[in-house]
Amino acid sequence: MPVFNNIQALNYALMQEMEKDPSIVVFGEDVGYEGGVFRATVDLQAKFGVERCFDTPISESGIVGMAVGMAINGLKPVVELQFCGFTYPAFNQIISHVSRMRNRSRGRYTLPMVIRFPFGGGIRALEHHSESPEALFAHIPGLKVVAPSTPYDTKGLLLAALRDPDPVIFMEPKRIYRAFKQEVPEDDYVIEIGKANIVKEGEDLTIVTWGAMVRDTLKAVEKANEKGIHPEVIDLRTIAPMDRETIIKSVKKTGRILIVQEAVKSFSVASEIIALVNEKAFLHLEAPPARVTAPDIIVPLPRGEQFYMPHPDMIYEKINEVVNFLT
Amino acid sequence: MPVFNNIQALNYALMQEMEKDPSIVVFGEDVGYEGGVFRATVDLQAKFGVERCFDTPISESGIVGMAVGMAINGLKPVVELQFCGFTYPAFNQIISHVSRMRNRSRGRYTLPMVIRFPFGGGIRALEHHSESPEALFAHIPGLKVVAPSTPYDTKGLLLAALRDPDPVIFMEPKRIYRAFKQEVPEDDYVIEIGKANIVKEGEDLTIVTWGAMVRDTLKAVEKANEKGIHPEVIDLRTIAPMDRETIIKSVKKTGRILIVQEAVKSFSVASEIIALVNEKAFLHLEAPPARVTAPDIIVPLPRGEQFYMPHPDMIYEKINEVVNFLT
Amino acid sequence: MLVDQYNPFEGKMLQILDPDGNVIEEKLLPEIPEDELVRLFKIMLFTRVVDRKALMYQRQGRMLTYAPNEGQEACQIGSAYALEQRDWMAPAFRELGAWLTRGVDLKTLYLYWYGNEMGSKVSEDIRILPVSIPISSQLLHAVGLGYAAKVRGLDEVSIAYFGDGGTSEGDFHEAMNLAGVYKTPTIFLCQNNQWSISVPKHFQTASETFAQKAYAYGFKGIKVDGNDIFAMYAATKEAVDRARAGEGPTLIEAYTYRLGAHTTSDDPTRYRDDAEVEAWREKDPVKRFRIYLEKRGLWNQEMEKAFVAEKEEEVEKVFSDIEQNGGTVFDDIFMYQYAEMTPILREQYAEWKAFFQERGML
Amino acid sequence: MLVDQYNPFEGKMLQILDPDGNVIEEKLLPEIPEDELVRLFKIMLFTRVVDRKALMYQRQGRMLTYAPNEGQEACQIGSAYALEQRDWMAPAFRELGAWLTRGVDLKTLYLYWYGNEMGSKVSEDIRILPVSIPISSQLLHAVGLGYAAKVRGLDEVSIAYFGDGGTSEGDFHEAMNLAGVYKTPTIFLCQNNQWSISVPKHFQTASETFAQKAYAYGFKGIKVDGNDIFAMYAATKEAVDRARAGEGPTLIEAYTYRLGAHTTSDDPTRYRDDAEVEAWREKDPVKRFRIYLEKRGLWNQEMEKAFVAEKEEEVEKVFSDIEQNGGTVFDDIFMYQYAEMTPILREQYAEWKAFFQERGML
Ligand SMILES: Cc1ncc(C[n+]2csc(CCOP(=O)(O)OP(=O)(O)O)c2C)c(N)n1
Ligand SMILES: Cc1ncc(C[n+]2csc(CCOP(=O)(O)OP(=O)(O)O)c2C)c(N)n1
Ligand SMILES: [Mg+2]
Ligand SMILES: [Mg+2]
């Protein structure tokens, strides 16, 4: 079985599916000849030709808007927006059209398409390169929002996104693009969109997290294990629609929940998860649901980034705090 | 004392402040000669000249981006985006620059400016004219988000926004632009940004709401009063930064909370309020925090709008449910 | 080629039929069979009937916000007539004439303005995207439709409609630029009706013409008398033919006028002179086509009277049907968010449905 | 006027000094005093020293991502030299030469690329906006700066820098259009360095030149040899003078080349030929200015050696100072979100500060 990092898994999945499905076209800034600034689309142009994998001018709204028309006329566009911070120029097309075309046309026009971009910080990048905007997308009806955390999940979720009849926002945690490798089956497999993954079972506390924070969380959890604390760790995989069942079931078992995210704290995905457990498992809660997040500030330039990124010790401390809370 | 509806209060506040502060310029689509499609800026051009109140081409990103430069060079821009659904083309300028210039330049460049737009549904308008995107703005560090609910508040909050050293997103509930009138003092007064208003005191339940939903909530509350239930109603006035103190104090008193908003349910402002009370008043909660919201769907065209807008009976029912919840 | 003969930088505008119904450019007159000419005129008249009725219903409080079409029939119908069934159209929100030319049924069109999404579900054999409200956002969709046709080897072109005000948006620029780069078979049809709500065109751009903007993107633009159906057809046909031949996009500026209000929420007397409107009434596209047909003996007053009466009745029937059955079905607002309802939507659907059912509101 | 003499539609490009340092347009040669010529050349050399040192530090892992400047010194320095102290500059991210021409201290510049926001806090008397990463978003700021100057009756112009790739964004279009409509005193300086990361300019637009795009907005554009400091100065000076005189905006296409990588994360050998780079090396802006000055007896090898040595030392001092004190102060990341910290920020500030303090991480 091949051993891939996240970028290789992405590339591999695209390669396999483009072979199978001639309607897939992949494009974006530096995506064609260069193969993407992170090399996710490398070799695709050489293999499938310039019409199926191509470079675009620097126009994010244009890229996404064009994809809308392409999807309507029989193609399956996979667009790359170069960085999380450059998704904003495309917001009007995403919110006003991508998410709505099916509903607006009562099913006449549908948009099977994938919008990929790297998100999150921790790579000492320039401004706008380290954003975690998942809450903005998750709030929009009509979108699905996915964020894999391993090479195995990356392939399975990307294949699922490519076969989804609806638009999928595919957020790639750039900090772990090359952080580690994993066996990735050559076989065709999909990971269902909308299903979370219990990465580690436990009974003392439920931790929900996604993307690059899964690894940091697991590290803190290991430390907690040594102290005899056994959290259950849920990798959300899909942010919207959220796997509420898995979360609720776990909270009913543990009575406690902690959400770990890289995004700022307020009005975030973590907030929604807390609201959810209140509505669905209030009487099971033995401690206040807690969040480990970035503070509500603009992502600093790299020399201040370490103060922004949730520190593994913060997770560890919060685990202890929640577990030791006595009602 | 003059008696104004919300639009008149807006216009009056702008008129008064432009007289006082020659740096204020007001612009947007149809804002100048026509005085705005809702007539909020009527007579300003005649009074202050075409350089201080003017029409723009249809380019929302342009309007906001230009305002950034104007604010840096000594003006105080007040821009109108014609409808909530047309704020999206300006998102890149708002998120990448408006919210960040002060922090990016470590205080060298600051942006005193106001971005106004009508939000919410209920006026049987075309698509994109009925959105409630407050959660999208509230999630962005560096922005303040305000939503008045009465003519009195409109004037006081707008004057506060116009004098704020930082950018303010000023969301106007269009459904009640002309719904009722109120005495509005000619005198200069401001309503502090970041402070909520306890519209009605009570002890059985805390209800937090804002914008046009304040009136609907009060109607449901009246009905509840008749049954001997006395909710405390908090009009948020400012969504970010949120007046956490007022909310928490109230919840500590009532032990119960219901949030009423017109926006869709998930990943919303209501979610954040629930997260907040969990973190700050968990042990006081006697019932699961609840929300009355729109469902997680795209705002329907007018013939389906009545199924989207939170129905006053939904509020009334939820009040009963929360109050009668027994732990 | 017309696009070369009528260089916008030289201040030229293509006109074939003058306001008095005279053919001033015989050799450019398109060859259209007589029955087709009459059919085209009937579409024009029908458009006007449908438009005026909609306005009337709106004033009576029976129709919702409506964007009147009057004055722009020639530029919409002449251009849409140059398309084949397989071609794609991405409209803005004021393209009644174009929709009717392509054969969309009136019920669908009225349903939209009645406030029901079913009015955006055109039948499978008609290739029109739904009304696009966010200004100029649909131009990109047209480029995408064209790109797809091109790489899939389909002989299809796309056309996007938008206004003078639409040229100010970033999406106009990105669409034009992308179409130029990929040489997509796309026609950009700018209806310069002189106004964007209350804002006159010289506040939209300092450019002399809208047509010349094409040259910033490596292709050609042409300014056309938008009230002249022959000029509009000829220019669009040439653009369509060139697009089919792989010669890429064209920008057409249809110089026309919105005779009515921006929408039924708008009062144009607040911002423009009656005199201006009256001057443009003289250039009415329907009037000039009628005179031409009358001169050729293809049309007369009686025919018009009978046709209008018949159509008015038809329109009334359709609308009264809509008033009876045009409400939004509750299920529909949940049903089309995704191919399959997500679990949370299923839950909300049940909850909301129960609420309204209990109250007999469904 | 140069903008008329060098009409981009006629394929013309303004050049005064050829690649071999010969003046080919004597009558267009700007009158610049000799000491100023030497000063300008020194800025150019200094820019190159600062640029190469930054690259070196980056390779040594001491500096973060950096966007090299080499090759674009003339177009940045020549244009910035045409501004007065009171004028405004809205840069993109590759304008080292322009920053240095305007007198920004090296410490500030290096701090930015070192990853500290303090590097965007230029001193009060220098009117440069911070680096703007989102492509072409800063053009609108320049228009706003110009609008404000105009209505406040201030004699200030604004200039925006951006790349060939920057012309594809909607914000480019909206900025150009707004500047045209309001006739703001704004210079749009497009550095056409032939590449946008890996994408060559013909994938950015089908337009023959970038300069001609101005004509879509009702003002003029000129294509200039961007490696010729005299041409760049002359064209910019004319644009600045016209802006001051109320004649509105100008677009300048500086035809130049990025000799280095896009940023230090980029490997240009993946997408372009060495031969192309070598050909452009021959047109090096520094080389040609040097030859010119040497011919006039204003510069020689010894002077250059001494100057470079002195500057290298200076640069090293500044950088080692930054390495010692250039870290971000914890408080700063909370302090500038708003004029006054909001209550929730105050709370978070205390909480986070305590966390890092306990660990001795501050
Ligand atoms: C992005 C966006 N901004 C603003 C509006 C509001 N709006 C609707 S129509 C209109 C004027 C359009 O003018 P034009 O493009 O000339 O078309 P016309 O109405 O004349 O047909 C405006 C500003 C909108 N629909 N979308
Ligand atoms: C809105 C946005 N999209 C994408 C990027 C990523 N990006 C950074 S530089 C660059 C290429 C810029 O090319 P050009 O404008 O020619 O300037 P140059 O780098 O050649 O100086 C791209 C695509 C960005 N910074 N902003
Ligand atoms: Mg118009
Ligand atoms: Mg470039």
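This structure is a prediction, so every number in the text was calculated from the model and none was measured.
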Under a 4.5 Å heavy-atom cut-off, does chain C meet the side chain of Tyr182(D), its backbone, both or neither? neither

Please work out which of the three classes, parallel, tilted or perpendicular, describes the rings of His173(C) and His173(D), given edges at 30° and 60°. parallel

Between OG on residue Ser168(D) and CG on residue Leu178(C), distance to nearest 0.5 Å: 7.5 Å

Part of Phe9(C) within contact of chain D (heavy atom distance under 4.5 Å): side chain

Just so I understand: if I count every heavy-atom pair under 4.5 Å between each of Gly170(C), Ala179(C), Gly221(C), Gly248(C) and chain D, which residue has the most? Gly170(C)

Choice from His202(C), Gln204(C), Glu208(C) maximising heavy atom contacts with chain D below 4.5 Å: Gln204(C)

dist Lys213(D):NZ -> Tyr215(C):OH (nearest 0.5 Å) comes out at 14.5 Å

Check each atom of Phe172(C) against the heavy atoms of chain D and say whether the ones under 4.5 Å are side chain, backbone, both or neither. side chain

If you draw a 6.0 Å radius around CG in Asp274(D), do more than 12 non-hydrogen atoms from other residues or ligands fall strictly inside? no

If I compare all heavy atoms of Ala216(C) with all of Ala216(D), which pair ends up nearest, and what's the gap? CB-CB, 4.0 Å

Interchain contact, Thr167(D) with chain C, by part (heavy-atom threshold 4.5 Å): backbone

